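Presented below is the structure to which this report refers.
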Amino acid sequence: MAEGQNGAEVALLYPSEALMSTYRPGLHGGGGPDNMRVASCFRSCGASLFEGHRAFMFVDAPSLAEAKVAGDALVRGDLRWRVVVLPQATTLSSAALRNVHAFWKAGGAVVAVGACPANSEAAFPDATAARLCSEMFGEGALRRSFSVARNAAGGCGIFLAGQQTAILSEVVDMILEPPVTITANVEKAALRVARRRTAEGDVVFVLNDSADAWRGSVRLAGNASAELWDPRTGAHGPGGSRSCATASGDSRCRATADIPLDLPPFGAVLLTTSQPLAQTRRDLDEKKFLPTMMPLGAPVKEVGAPSRARDVKAEHRVNPDGSAWARAHILKGGVDTFMFVPFVYGASPYVDGMRGITFDAAMEDGSMYLAHCGRTLADKGRERSYVPFSSFARHGNAGKTSIFDPAKVRQFRIGFGGYFGEAGQTISYEVTPPTGYR
């Protein structure tokens with residue numbers, strides 16, 4: 001893996017310009033609500049690609065500006081990207097945006113998530129940026145709604161609303177064939193993939209990122225054959241399986257493209273090829289990704305009293321429409337306070353195909369798995385939040401596994417944390433029961 005260079009053909013922008021332009025100083029960090037949206041979108045996009053078994057790499061705006069357009073690829077030195085992802089990149093340099101637009105016009109694929117570049121180093125807002133984004137992603141992108149724009153050269157620009165970060169990996173897979181596709185035991189696969197390109201071919205690293213063993217099979221892009229290396233033992237040999245059939249007394253066998261793997265907990269293998277993997281560009285079917293609301297698989301059994309409260313006096317009530325109102329009276333200033341209202345279910349509310357939960361929250365002032373909702377206590381008014389399951393990560397040391405399984409959820413707790421307030425301060429908020437979306 002030390003040889004060659006990163007062979008990932010998906011580039012995820014680190015939105016430093018958007019982070020700088022939205023930063024607002026605070027007494028206890030944070031950066032302000034707009035800054036938090038940029039950071040949250042960036043993390044969610046990375047998590048979606050990571051959990052979607054997709055090899056990708058981080059790039060900055062100067063790299064996008066300096067890269068050369070070569071057909072449906074952006075090339076910078078030995079690096080080559082065929083899909084560029086812009087996460088909440090509200091501000092982007094003119095040079096980077098113009099080059100990404102030229103890449104799209106030449107046949108490249110670009111995905112913007114959450115927001116399009118609206119500002120440049122020269123203007124806030126920038127009319128040229130708005131025009132280029134409208135061409136590249138469609139008019140819907142300026143309204144921050146799902147849209148797709150194509151051109152005669154085969155270029156494809158997709159805009160995903162913020163709640164659609166959960167499907168980023170699937171959208172990318174439909175645009176560009178992944179280097180590694182899981183072909184057996186997909187549901188239980190917690191595989192992570194890295195790819196490097198060397199003078200002798202590609203090196204693909206496949207990791208079982210789970211405390212449970214995994215047995216299944218994978219296939220390389222273009223049905224490429226590979227040699228399999230076991231770093232535990234040093235053993236290596238042809239990767240793949242053989243299918244055999246007997247007809248008229250003749251036994252015939254042929255190699256198949258599937259590569260069987262038997263990985264122990266946190267085990268890994270290396271797959272090496274004799275030539276670079278050829279990832280095929282695909283036609284996106286946008287109808288598959290239109291956002292759809294859906295009911296939960298189980299009703300709310302009860303709205304419990306605020307739980308996990310710290311250094312606050314909590315009170316709550318359940319409204320006739322099922323939403324909950326809660327208030328926290330800060331008892332001690334200058335400490336990390338938090339409070340969550342639990343929505344409890346008798347059975348799992350998960351439904352096949354559900355990608356996350358959504359709910360409305362109104363601020364009047366101001367193994368547990370944790371996910372950020374993308375807003376702060378400073379965001380007044382009612383606003384709908386979308387929280388993809390990919391955003392949930394184990395909180396603290398509770399539980400035995402780091403893999404979040406939505407089918408095992410029995411309650412969602414919605415509240416605030418990490419707030420350093422003053423003694424005597426009151427924080428009130430209202431939140432609707434969560435529902436699902438796909």
Side-chain angles (χ1 to χ4, degrees), residues 12-47 58-65 86-97 112-126 129-130 144 162 165 308-312 326-340 361-366 370-387 391 393 395 414-429 431:
L12 175 63
L13 173 70
Y14 175 66
S16 57
E17 292 163 314
L19 287 168
M20 287 188 286
S21 65
T22 57
Y23 185 81
R24 299 293 180 270
L27 290 176
H28 299 283
D34 291 337
N35 189 263
M36 189 172 294
R37 288 188 179 94
V38 177
S40 178
C41 184
F42 172 68
R43 287 193 297 266
S44 295
C45 287
F58 299 110
V59 301
D60 57 12
S63 296
L64 293 180
L86 308 177
Q88 197 81 16
T90 51
T91 300
L92 188 62
S93 69
S94 298
L97 181 57
V113 185
C116 290
N119 313 307
S120 69
E121 74 281 15
F124 277 65
D126 189 306
R144 300 194 177 186
T165 54
R308 302 293 296 173
R310 176 180 175 183
D311 291 315
V312 303
R327 175 180 290 163
H329 300 272
I330 306 296
L331 301 178
K332 184 178 181 181
V335 298
D336 180 359
T337 60
F338 48 82
M339 183 183 77
F340 294 85
M363 302 296 180
E364 297 177 22
D365 195 1
L370 191 67
H372 200 282
C373 299
R375 65 181 306 193
T376 71
L377 295 176
D379 297 333
K380 302 299 189 296
R382 192 180 186 93
E383 179 180 320
R384 178 162 288 270
S385 297
Y386 291 84
V387 185
S391 296
H395 181 59
I414 303 173
F416 69 90
Y419 180 68
F420 291 77
E422 298 179 358
Q425 188 176 14
T426 298
I427 300 170
S428 299
Y429 66 91
V431 61

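Note that the coordinates shown come from a computational prediction; the quantities given were computed from them, not determined experimentally.
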Nearest 0.5 Å, please: how far is CG in L19 from CG in D34? 11.5 Å
Within-4.5 Å side-chain heavy-atom neighbours: D126 and N119: no
Considering non-hydrogen atoms only, spot the tightest contact between S93 and A61 and give its length. OG-CB, 4.4 Å
Nearest heavy-atom pair of R144 and G114: which atoms, and what distance? CD-O, 3.6 Å
Of all heavy-atom pairs linking A129 and P117, the shortest is CB-O, 3.7 Å
Geometric class of the Y14/F42 ring pair [parallel <30°, tilted 30-60°, perpendicular >60°]: perpendicular
From OG1 (T337) to NE2 (H329), nearest 0.5 Å: 13.0 Å
Ignoring hydrogens, what is the shortest heavy-atom contact between S63 and D60? Give both atom names and the distance. OG-OD1, 2.6 Å
Once you round to the nearest 0.5 Å, how far does CD of Q88 lie from CG of N35? 10.5 Å
Would you confirm whether S40, through its side chain, and M36, through its main-chain N or O, come within 3.5 Å as a donor-acceptor pair? no
Do C41 and T165 make a side-chain contact, defined as non-hydrogen atoms from C-beta onward lying under 4.5 Å apart? yes
Nearest heavy-atom approach of T22 to V38 is OG1-CG2, 4.1 Å
What closest approach, in Å, do C116 and A112 show between heavy atoms, and which atom pair accounts for it? SG-CB, 4.5 Å
